[in-house]
Every structure is written in C-alpha cells, then in structure tokens.
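So you know, we letter chains A, B, ... as the sequences are listed, proteins then strands, and number each from 1.
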Amino acid sequence: MSLRAELIRAIADARDRAVTDGSLAIPSDVELPAIGLEKPAKPEHGDWASNVAMQLTPVARTAPMRIAQIISDHLDHHPAIAEASIAAPGFLNLRLDPRWVAGQVGPILDVEPSYGRETTTHPRSINVEFVSANPTGPLHVGNARGAFVGDVLSRVLAAAGHQVTREYYFNDFGAQVINLGLSVLARRHSTDLPEDGYHGAYVEELAAEMPDELALRAAETPDDAGILIGRWASERVRAGIEASLARLGVTFDVWKEESSLHDEGWVERAVTRLRESGHIHETDGATWFRSTDFGDDKDRVIVRSNGQPTYFASDIGYVTEKFDRGFSELIYIWGADHHGTVARVRNAAQAMGYDREAVRMLLIAWVRFVRDGAEIPMSKRSGEFITLDDVLNEVGVDAARWFFSSRAYTTGIDFDLELAKKQGNENPVYYVQYAHARASSILRIAADAGLAPDASSAGELLSHPAEQALVHHLLDFPDALAQAAERRETHEVPRYAYELATAFSAFYRDCKVLTDDVALSSARLALVDATRSVLANVLDLLGISAPDSM
RNA sequence: GCGCCGGUAGCUCAGUGGAUAGAGCGUCGGCCUCCGGAGCCGAAGGUCGCAGGUUCGAAUCCUGUCCGGCGCGCCA
C-alpha cells in the first residue's frame with residue numbers, strides 16, 4: 001500500500017472511531033464522502049492535508065473546524081505521523097516524522113527494483129488494443145501518439161500489477177486492400193489513380209519494387225489484379241509498420257487479423273447471440289443491431305442487404321473473441337474521429353451480456369503537425385505526409401516518447417517539427433536521464449573508493465531539507481504509479497519523473513555525498529542509490545533508456 | 001441541427017470541489033577553486049474564452065453562449 005493510502009486509512013479509522021464513541025454524529029444511512037488527501041502548496045500546511053472535515057460538514061451538521069479537531073483527537077498513532085494540526089476553514093494537516101521519512105530509504109532499497117510496483121488490490125486481465133493502423137500505408141504521426149500512449153499505458157498497467165496483453169488489429173477484410181493494389185497498379189502503368197486511391201510516395205515505391213512476375217500474373221487475370229497486387233503490397237506495408245514499431249520499442253503480444261474473426265466464426269456466433277437475445281431486426285434486407293435499446297440515436301447495420309458484413313460486425317465478433325480469451329477488461333485506443341462508434345460497440349457488448357464498463361475506449365486527440373507554422377497534411381491519400389520514421393529521424397525516439405506520453409490524450413496538440421528539433425537538447429527527457437547518469441556516476445566513484453551505500457543509519461543522518469524532500473518524492477512513487485494505472489492515463493508519469501529529477505538536483509546541489517564523514521556519506525549513497533533505482537523504474541515505465549553515462 | 005473533445009502565462013501543456021492557479025520552453029538578470037554546468041538561483045509574465053447558477057469554497061460541478069477540432073453511412 002502506498003503511503004498516501006495508509007494515511008487515508010488512518011484518517012478513516014479516526015473518523016469511524018469518533019462516530020462509534022459518539023463524538024461525531026453521522027446518520028448511519030448516509031454514504032460517507034471519499035477522503036481527500038493531497039500535498040499542500042505551502043510547507044507550513046504540513047506534508048499532507050485532508051479536507052475530510054469539510055466534506056463531512058453537511059452530514060455531521062457540525063462546524064468543520066470542530067470536526068477536524070475531533071478527527072485529529074481520534075487519530076491513532078501511525079509511525080509516519082509526527083503531528084496533526086487543524087487549520088481554517090477546516091483542514092486536517094499532517095506532518096511526517098523526519099526520522100521515519102529518512103528511515104524509508106532502507107526499505108526502498110530492500111525491495112528495489114520492484115519498489116512501488118504491483119500494488120493494485122484488484123488485479124485484472126486487461127487487453128490493450130492500440131495502433132491497429134490499416135495495412136495500406138506507413139505509420140504516420142497520428143498513429144505515433146496512439147502507439148506511445150498504448151505502449152506506456154500497457155507498461156503502467158503491468159507495473160501496477162495487472163496482467164496485460166498488447167494487441168494489434170489488422171484490418172485486412174474490406175475493399176481497401178484492393179484499392180491499394182489498384183493504386184500500385186496505376187502507378188506502375190502511370191495511369192490515373194482510382195477514385196479514393198492512395199497517393200503517397202510509398203505507392204510509387206511499391207510500384208517500382210513490384211516483381212515482374214507479379215505484374216505478369218496481374219496482367220493475365222485483370223479481374224483479380226487488385227486483390228493480387230493488394231495482398232502483396234499490404235504485406236510489404238505491414239512489414240514496414242512492424243519495423244517502425246520495433247524501432248519505437250513498441251511491441252505486441254497478439255497480431256489479430258480481421259479476416260480471422262470471420263474465418264473462425266466469431267462474427268457469426270456473435271450475431272446469433274444478439275439474435276437470440278432479441279437485439280436484432282431485419283429491415284430493408286439488412287440485419288440491424290437494436291442499438292437504440294441502449295440509448296443510441298439509431299440502429300446499426302451488421303449485415304448489408306448484399307450479404308456483406310460491415311466493419312461493425314467484425315467489432316462485435318472481436319468483443320466476444322477477446323472476452324472468450326478470459327480478459328476482464330478491454331481497452332481500445334482509438335483516434336478521436338472514431339468516437340461515433342464507441343457507443344454501438346459498448347451497447348453490443350452489453351446486449352451480449354458483458355459489462356459495458358469493462359469495454360473502454362480511450363480516444364486519442366489528433367496531433368496537428370506543423371513545420372514553420374504551416375500545417376502538414378496527414379492523409380495517406382493526399383500526397384505528402386509525415387511518417388513515423390521522419391519524426392524519429394528528426395527528433396529522436398526518447399524525445400518523441402516523452403513528448404507524446406506527457407500530454408493528456410484528450411488534448412489536441414500542435415507539434416512543430418522545427419521547434420522539436422531545436423529543443424531536442426533542451427527536452428526535459430534529457431534532464432531526467434541526466435539525473436540518472438549523475439546518480440550512477442556518484443555511485444561509481446564511491447565504489448572505486450571502496451565506499452558502499454548503507455541505509456542502516458539513514459533515519460538519524462538524513463535530516464537536511466533537501467534530503468527530506470528527496471525521500472518524500474521517492475515515497476510518492478507508488479502512489480504516482482497507482483494513480484496513473486487507476487486513471488488509465490500516462491501523462492502523470494513524465495511529470496513525476498521530472499519532479500523527482502528536480503528534487504535530486506536540489507539534493508546534489510545542497511548535500512555533498514562523498515565526504516570525509518564515512519557514516520554520512522554511506523547514508524547519502526543509499527539515498528542516491530534509491531533515487532537511481534526509482535529513476536530507472538520510472539524511465540522504464542516510459543520505455544526510455546536510463547543511461548549510466550551520457 | 002444533434003453529439004463528443006478542447007479553450008489556463010509569449011509558445012507547448014499540467015491542474016477531474018480546497019489555502020496565494022503551476023511546469024517546460026522562450027525572455028531578462030545572476031552562479032563554474034567543489035561528487036557530471038545536459039546543471040543551479042532569481043525576475044518578469046494570468047479578467048483560467050464569456051455570462052449566469054450551485055456552496056463555507058469553482059479553472060474544476062450545472063445551464064446558456066462564443067471560438068476551434070472531430071463525428072453523425074447498408075465506408076473503414
């Protein structure tokens with residue numbers, strides 16, 4: 001349990017005791033509000049501040065200051081708490097015992113490198129499906145954001161103690177593969193592209209790379225030329241996508257093809273399931289899902305009147321296929337333009353008897369790519385567009401990872417390539433890596449001098465404000481990880497990493513580690529080692545390397 | 001027209017009911033006899049789009065409104 005969770009528990013216990021012994025009158029039928037506990041902005045307000053008394057004011061019908069006093073009086077002894085005080089208009093402020101704080105360095109090192117990990121009390125089996133770009137063109141930066149968010153989220157969930165499967169869904173079933181084939185063919189023969197054809201330079205490259213033998217076969221069977229060349233081209237594109245992802249350090253456990261959902265009967269079974277539960281109707285020759293039964297504004301076609309299943313049909317089959325594999329939660333990381341399909345998929349899941357809350361779509365807002373103030377078009381069909389490889393070449397993997405995982409995925413962002421390049425060396429990611437390298441360097445020098453970290457007396461020796469502040473930050477790590485996992489967000493992780501690096505820099509400035517005082521030096525070395533460990537840990541959550549020197 | 005997501009410092013973004021709204025970059029001014037200067041310290045910079053409402057308290061919740069992005073197909 002994180003320190004924050006322990007303190008909340010202590011406050012809750014105090015509140016409950018006060019109710020039990022009659023000092024606090026709260027009707028038994030009201031639901032108690034959650035206890036807020038946060039770090040106050042001003043140091044004189046203590047290390048932690050709770051609004052518990054103000055939250056209870058309406059239900060207890062007592063002045064908040066008085067409630068705060070009562071809870072403070074009932075607070076059981078917790079080894080971490082040195083002092084509880086109350087402040088207007090009703091805050092309960094806690095100050096931690098500096099010796100206890102400093103004494104935590106040892107326990108952190110004892111469990112390192114797994115400190116802060118696997119703290120969830122409700123481990124789930126979670127499927128995270130992300131990227132899932134169609135195999136009709138290289139990845140572009142719009143995909144990049146989802147790739148990094150999905151990757152980091154997967155790392156965070158796994159670190160928090162969940163079982164995570166990373167999944168990539170290949171849409172290989174519709175007409176777009178044929179469209180790709182026809183586009184390549186058109187480029188090959190320098191004829192006009194089909195309507196809605198693909199325009200990118202990669203199409204021309206594919207046309208040039210196409211084996212003569214394939215071109216010959218396509219010419220012999222003109223009716224099948226599109227699918228023939230399309231499959232070949234799609235494989236090439238897919239290989240490129242996988243190579244790009246590998247370069248990003250983004251890996252997947254499962255590559256799922258849409259066609260397999262049909263081949264293995266998942267779509268058919270799902271439709272049957274909906275039909276048997278009365279959520280299907282046949283109108284105008286098509287098969288419809290009664291999405292309106294669940295609040296949607298219209299019903300949705302599953303099978304067209306021409307007998308062809310829609311994309312939505314695959315989605316439904318996929319839901320059953322995933323749950324059949326035993327997942328307790330499905331996370332979809334989609335582009336924000338897909339938000340219109342969220343409701344219908346969740347509705348269908350509910351109709352088939354699944355918990356709709358277990359089907360979660362994270363909609364990633366779009367990235368506007370600009371260069372020198374001008375927007376770069378993003379469509380694969382519109383000619384020039386930015387590929388993932390372009391970004392990596394210009395900005396670098398670590399900086400790109402940091403950039404994309406440090407923004408809330410709901411926020412649309414502008415990415416100026418020239419600015420990103422210019423700021424390459426000032427990117428905060430290097431600041432965090434630098435702190436890790438510096439810590440490693442100190443440990444290296446100490447080791448050469450025969451000095452080893454020793455946390456046994458840290459509680460007594462590490463009393464300097466900078467030391468205290470640094471340990472406080474280390475103690476925040478389990479909670480930072482737990483919060484990110486709980487909220488299914490990533491951007492709090494870089495924030496925490498930066499703050500920890502800042503605290504370490506301040507410590508480095510104020511407290512010389514290697515001195516003639518062996519006891520103090522050993523204790524400070526232990527703190528450096530613990531910091532290095534957590535920095536490495538948090539960088540690992542981001543998929544960013546933790547260099548020993550740079 | 002309806003729906004979803006945004007609007008916070010010059011720029012890029014945090015802040016999902018608490019105390020004087022924060023960070024990075026940029027700007028200005030300081031700091032290298034010292035374990036890594038990819039660093040540190042300080043300063044300037046804000047009607048939190050706007051208007052009402054809810055309450056002890058609102059950037060945060062509700063209503064309305066303006067601006068921007070996206071979606072509303074028997075496309076994917």
Visitor: Any heavy-atom pair between the side chains of A:V152 and A:R401 that's under 4.5 Å?
Guide: yes
Visitor: Is the shortest side-chain N/O distance from A:R407 to OP1 or OP2 of B:C5 below 4.0 Å?
Guide: no
Visitor: How do A:E44 and A:F403 order along RNA chain B: which one's closest nucleotide is nearer the 5' end?
Guide: A:F403
Visitor: Evaluate the side-chain proximity of A:D476 to A:K39: yes if any heavy-atom separation is below 4.5 Å, no if none is.
Guide: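 Sidechains of A:D476 and A:K39: in contact.
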Visitor: Under a 3.5 Å threshold, yes or no: a donor from one side chain and an acceptor from the other, between A:Y431 and A:S505?
Guide: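 Distance-only check passes for A:Y431 and A:S505.
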Visitor: Show the numbers, then the answer: is there a side-chain contact (heavy atoms from CB on, under 4.5 Å) between A:V345 and A:W334?
Guide: CA-CA 13 Å; A:V345 174; A:W334 285 350; 4.2 Å; yes
Visitor: Can you check the distance between B:G10 and B:G6, where both ends of the measurement are the P atom (answer in whole Å)?
Guide: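 Taking atom P in both B:G10 and B:G6, they lie 22 Å apart.
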Visitor: Go through residues 335-349 of chain A and report each residue with a non-hydrogen atom lying under 4.0 Å from RNA chain B, sorted by number.
Guide: A:A336, A:D337, A:H338, A:H339, A:G340, A:T341
Visitor: Name the pairing partner of B:A51, where a pair is Watson-Crick or G-U wobble with both distances under 3.5 Å, or state none.
Guide: B:U63
Visitor: Identify the nucleotide, in any strand shown, that forms a Watson-Crick or G-U wobble pair with B:G37, with both distances under 3.5 Å; if there is none, say none.
Guide: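 Result: none.
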Visitor: With the side chain counted from C-beta on, respond yes when A:F170 and A:N134 share a heavy-atom pair under 4.5 Å apart, and no when they do not.
Guide: no
Visitor: Would A:R145 count as a cation-pi partner of A:Y409, with NZ or CZ less than 6.0 Å from the six-membered ring centre and within 45° of the ring normal?
Guide: no
Visitor: Tell me the partner of B:G1, counting only Watson-Crick (N1-N3 plus N6-O4 or O6-N4) or G-U wobble (N1-O2 and O6-N3) with both under 3.5 Å; none if nothing fits.
Guide: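 Here B:G1 is engaged in a pair, and the nucleotide opposite it is B:C72.
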Visitor: Which donor-acceptor pairs under 3.5 Å do the side chains of residues 308-317 of chain A make with protein atoms, sequence neighbours left out?
Guide:
{"unit_1": "A:T310", "atom_1": "OG1", "unit_2": "A:V301", "atom_2": "O", "d": "3.0"}
{"unit_1": "A:T310", "atom_1": "OG1", "unit_2": "A:I302", "atom_2": "O", "d": "3.2"}
{"unit_1": "A:T310", "atom_1": "OG1", "unit_2": "A:F312", "atom_2": "N", "d": "3.3"}
{"unit_1": "A:T310", "atom_1": "OG1", "unit_2": "A:A313", "atom_2": "N", "d": "3.3"}
{"unit_1": "A:S314", "atom_1": "OG", "unit_2": "A:E258", "atom_2": "OE2", "d": "2.6"}

Visitor: Does a distance-only test, which skips hydrogens and angles, find a donor-acceptor pair under 3.5 Å between the side chain of A:N179 and the base of B:A76?
Guide: no
Visitor: For B:C31, does the glycosidic angle fall within 90° of 0 (syn) or outside that (anti)?
Guide: anti
Visitor: Scan residues 58-71 of chain A against RNA chain B and write down, sorted by residue number, each residue with any heavy atom closer than 4.0 Å; if none is found, say none.
Guide: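 Those residues: none at all.
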Visitor: Can you check whether A:Y431 has a side-chain N or O nearer than 4.0 Å to OP1 or OP2 of B:C40?
Guide: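 Yes, because at least one side-chain N or O of A:Y431 sits under 4.0 Å from OP1 or OP2 of B:C40.
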Visitor: Could you verify whether a donor N or O on one side chain and an acceptor N or O on the other, from A:D172 and A:S259, lie under 3.5 Å apart?
Guide: yes
Visitor: What about A:S305: does its side chain form a donor-acceptor pair under 3.5 Å with the base of B:C74?
Guide: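 Between B:C74 and A:S305, which were checked side chain against base, a qualifying N/O pair under 3.5 Å is present.
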Visitor: Give A:A286 one of three labels, base, sugar-phosphate or nothing, depending on what nucleic acid heavy atoms sit under 4.0 Å from its own.
Guide: base
Visitor: May I ask you to verify if any side-chain N or O of A:K298 is less than 4.0 angstrom from the OP1 or OP2 atom of B:G73?
Guide: yes
Visitor: Describe the nucleic acid contact of A:N171 in one word from base, sugar-phosphate, nothing, applying a heavy-atom distance below 4.0 Å.
Guide: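 Answer is sugar-phosphate: A:N171 comes under 4.0 Å of backbone atoms only.
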Visitor: Could you work out, with salt bridge (charged side-chain N to carboxylate O under 4.0 Å, His left out) as the rule, every residue matching A:D47, not counting sequence neighbours?
Guide: none
Visitor: Could you tell me the Watson-Crick or G-U partner of B:A23, where both distances fall under 3.5 Å? Say none if there is no partner.
Guide: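 Result: B:U12.
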Visitor: Does a sphere of radius 6.0 Å around CD in A:E282 hold more than 12 heavy atoms from other residues, nucleotides or ligands, not counting ones at 6.0 Å or beyond?
Guide: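 Buried by this count: over 12 neighbours within 6.0 Å.
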Visitor: Relative to the 5' end of RNA chain B, which residue comes earlier, A:M54 or A:T310, by the nucleotide with the nearest heavy atom?
Guide: A:M54
Visitor: B:G57 pairs with which nucleotide, Watson-Crick or G-U wobble, both distances below 3.5 Å?
Guide: none
Visitor: Does A:P58 have any side chain to side chain contact (heavy atoms under 4.5 Å, CB included) partners at least two apart in sequence or in another chain, and if so, which?
Guide: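 By the side chain to side chain contact (heavy atoms under 4.5 Å, CB included) rule, A:P58 matches no residue at all.
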Visitor: Would you mind building the protein contact string for nucleotides 29-37 of chain B? One character per nucleotide, 5' to 3', B for base within reach (heavy atoms under 4.0 Å), S for sugar-phosphate only, - for untouched.
Guide: -----SBBS
